[in-house]
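Numbering of ligands and ligand atoms starts at 1, following listing order. Values reported hereafter were calculated over all heavy atoms of this structure, with side chains retained and with hydrogens, waters and symmetry mates removed. Counting begins at 1 with the first residue of the sequence. Just so it is clear, the structure is predicted and the values come from calculations on it, not from any experiment.
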Amino acid sequence: MAEIHTIVTGDEPAVAGDRNTIGGWPLLAADEPWPACFCGKPMVFFFQLDVPQFDGDHLLVFQCPVHDDAAFGPSQLPARYWDEAVDPYEGPFWRLLFRSSGTAARAPDPYVEPHRLALQPAKEKVDEHGRGRPGFKLGGVPSWAQSPEHYRCACGTDMVFLGQVPENFGFDMWPMRDKQGDQMQLFLGNELYILACPARCHPEAAWPVLQN
Ligand SMILES: [Zn+2]
Ligand SMILES: [Zn+2]
C-alpha cells in the first residue's frame, strides 16, 4: 500500500516561518500581496503544507470570509480555471496556491488561531469500494463520501489526488475575537479533496472537489 502522510494538529502555536500550519503566517512568494476574493475582501488563510509527493512544494489554502460556499466545475476544467468565475459568482472565492520558496507574510491571519501541523508517515488502507482512509491527509486515495470524481486540467493532463480535509473540520478562531469559540468553515464544511495537475503547468493548477 502507498505511503501517505496523516496530518495532526499540534497544541503549540505556529510562529512566523513555520511551513506546516493552520492559520498563522502564509509563506507566499516574495512581495506577493495577500490573496483577495473577487469581492475585494482579504481571504482567510486556512492552512499550508509542504507536499512530499510534489517534491516538497508548498501548498497554501485561502477562502473568502464572506463567500463560504461549495464549488462545482466541469470534468474538463476550462483555461485558467483558478481565475474563472464560478456560478453564481464573478470569480473564485478561494485560492489553492503552490509556492516553491516562501517568505512569511508580515502579519498572521486575523481569523484563525495559528497551530503547527505535523505530517506523520502512514500506510494507505483502501476498502472494498476503492476508498482510502478518512481524515486529514496527504497522498493516497480519496475517502470519497460519494462517487469518485475525475477532472482533467486545462493543459490536458488528468488531475491527481493531493490530499483531503475531512468534513466539518473546525478551524478555531482566535479566542479574543470570538468568545463563543466559533470555528471557521472551509467550503461550508464539505469534505475537501484537493486535486492538482501532475504536469505542474501553473502554480495554481489545483481544484477543490467537495462532497458530503
Ligand atoms: Zn468574497
Ligand atoms: Zn495542467
(request) First locate atom NE2 of H5, then atom CG of L117, and finally report the distance between them rounded to the nearest 0.5 Å. (result)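 The NE2 atom of H5 sits 13.0 Å away from the CG atom of L117.
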
(message) Listing by chain and number, which protein N, O or S atoms are under 2.8 Å from the Zn ion (ligand 2)?
(response)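 N, O, S partners closer than 2.8 Å: C153 SG, C155 SG, C197 SG, C201 SG.
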
(request) Answer yes or no: is there a donor N or O on one side and an acceptor on the other, between the side chain of R131 and the main chain of W144, under 3.5 Å? (result) yes

(request) Measure from the side-chain N and O atoms of Q48 to the backbone N and O of L27, and report whether any donor-acceptor pair falls under 3.5 Å. (result) yes

(request) Please name the residue in the list F62, F187, Y89 that meets the ring-ring contact (aromatic ring centres under 6.0 Å, His included) test with H67. (result) Y89

(request) On the 0 to 90° scale, with breaks at 30° and 60°, tag the F161-Y193 ring pair as parallel, tilted or perpendicular. (result) tilted

(request) Please report the closest heavy-atom contact between Q53 and L138, naming both atoms and the distance. (result)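 Distance-wise, the nearest heavy atoms are NE2-C, 3.9 Å.
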
(request) Considering only Ile, Leu, Val, Met, Phe, Trp and Tyr, and joining two whenever side-chain heavy atoms are under 4.5 Å apart, list the other residues clustered with W25. (result)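 Hydrophobic cluster check, W25: no partners found.
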
Please table the atom pairs, donor to acceptor, closer than 3.5 Å between any side-chain atom in residues 90-98 and protein atoms at least two apart or in another chain.
| unit_1 | atom_1 | unit_2 | atom_2 | d |
| --- | --- | --- | --- | --- |
| R95 | NH1 | W82 | O | 3.1 |
| R95 | NH1 | D83 | OD1 | 2.9 |
| R95 | NH2 | D83 | OD1 | 3.1 |

(message) Just checking F47 against F169, ring centres under 6.0 Å apart?
(response) no

(message) Short of 2.8 Å from the Zn ion (ligand 1), name each protein N/O/S atom, waters not counted.
(response)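 Less than 2.8 Å away from the Zn ion (ligand 1) sit C37 SG, C39 SG, C64 SG, H67 ND1.
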
